[in-house]
Amino acid sequence: MEDIAGNINTILDSLPEGVKLVAVSKFHPVDVVMDAYRAGQRIFGESRAAELVEKAQTMPYDVDWHFIGHLQTNKVRQIIPYVNMIHSIDSGRLLKTVNDEALRYGRRVDVLLQIHVAKEETKFGFTPEELIEFASELDTDNMCGVRIRGVMGMASNVDDEERIRSDFRAIATTFDTLASGPMADEEQFDTISMGMSHDYKLALECGSNMVRIGTTIFGDREY
Ligand SMILES: *Cc1c(COP(=O)(O)O)cnc(C)c1O
């Protein structure tokens, strides 16, 4: 048995002031996730639409649900009533779909633009150059269904700490470029979501203010 409350408190103690913890609950059953809720955790991250909806309908209303996985446009409508932040906007088409579905539902959803810097080729997201160009052309005044809050990214899945740091730095630098350029007029462009169980301490060194941690809280996932 994992000591979930203890694990959360150990992580919270290691986070600088102002850094938010997303407890990644994907693949863990509600009774286990509720242990984290009872320990005071409120932000939970899921990576599959049906699983987020099911948990949101079962758990208390004050959970702050974040979607962190690859999101297909045909799944957006399902999660809009429940999700407060989508970390994984990886195309203009997805951003438009989230905006349209949120408006249709009568709400506004926080989103992060996903940056791809890792060496793995299968990962989703914009390269830094693509993202800066994409953001420069965005007409956010006409997107009242979304509030663009920042960026999300992952480092390469390697042991080489220097490589991991350089990936995180590239994500943070892209955030800075957007924040002082194309996103300068956004209401609350303030979030850099990076760092998972094995690399979040490096992410914090590089400027992360939102970490997404699953395994260190809940133990290994059973897929
Ligand atoms: C699963 C997942 C995490 C959490 O990973 P852990 O190694 O279990 O901490 C973080 N971010 C994303 C995008 C994920 O899919």
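Just so you know, ligand 1 is whichever comes first in the structure, and atom 1 is the first atom listed for that ligand. All values below were derived from every heavy atom in this structure, side-chain atoms included, with hydrogens, water molecules and symmetry-related copies excluded.
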shortest atom 11 (N) of ligand 1-to-protein heavy-atom contact is with Arg212 NE, 2.9 Å

- request: Scan side-chain atoms only and decide if Thr127 and His116 contain a donor-acceptor pair under the 3.5 Å cut-off.
  value: no

At under 4.0 Å between heavy atoms, what of Ser197 touches ligand 1? The answer is both

**Prompt:** Does Cys206 offer a backbone N or O that forms a donor-acceptor pair with the side chain of Arg169 under 3.5 Å?
**Reply:** no

So Phe175 and Ser208, do their side chains get closer than 4.5 Å, heavy atoms only? no

* **Polar side chain donor-acceptor pair, Ser14 to Tyr200, under 3.5 angstrom** => yes

Inset, instruction - Identify whether the distance between the nearest side-chain nitrogen and carboxylate oxygen of Arg104 and Asp100 falls below 4.0 Å. - result: no

shortest atom 12 (C) of ligand 1-to-protein heavy-atom contact is with Ile68 CD1, 3.6 Å

**Prompt:** Relative to Tyr105, does Arg77 satisfy both conditions: NZ or CZ under 6.0 angstrom from the six-membered ring centre, and within 45 degrees of the ring's axis?
**Reply:** no

Note: ligand 1 atoms sitting under 4.0 Å from heavy atoms of Ile213 are 9 (O)

Note: Lys26, heavy atoms under 4.0 Å from ligand 1, region reported as side chain

Does the cation-pi check pass for Arg42 over Tyr37, that is, NZ or CZ under 6.0 Å from the six-membered ring centre and within 45° of its axis? yes

Taking N or O atoms only and a 3.5 Å limit, does His198 qualify as a polar contact for ligand 1? no

Counting heavy atoms under 4.0 Å, the part of Arg221 that contacts ligand 1 is side chain

If you scan protein heavy atoms around atom 5 (O) of ligand 1, the nearest is Met196 CE, 3.6 Å

Near Gly214 (heavy-atom distance under 4.0 Å), the atoms of ligand 1 are 4 (C), 6 (P), 8 (O), 9 (O)

Of all protein heavy atoms, the one nearest atom 8 (O) of ligand 1 is Thr215 OG1, 2.5 Å

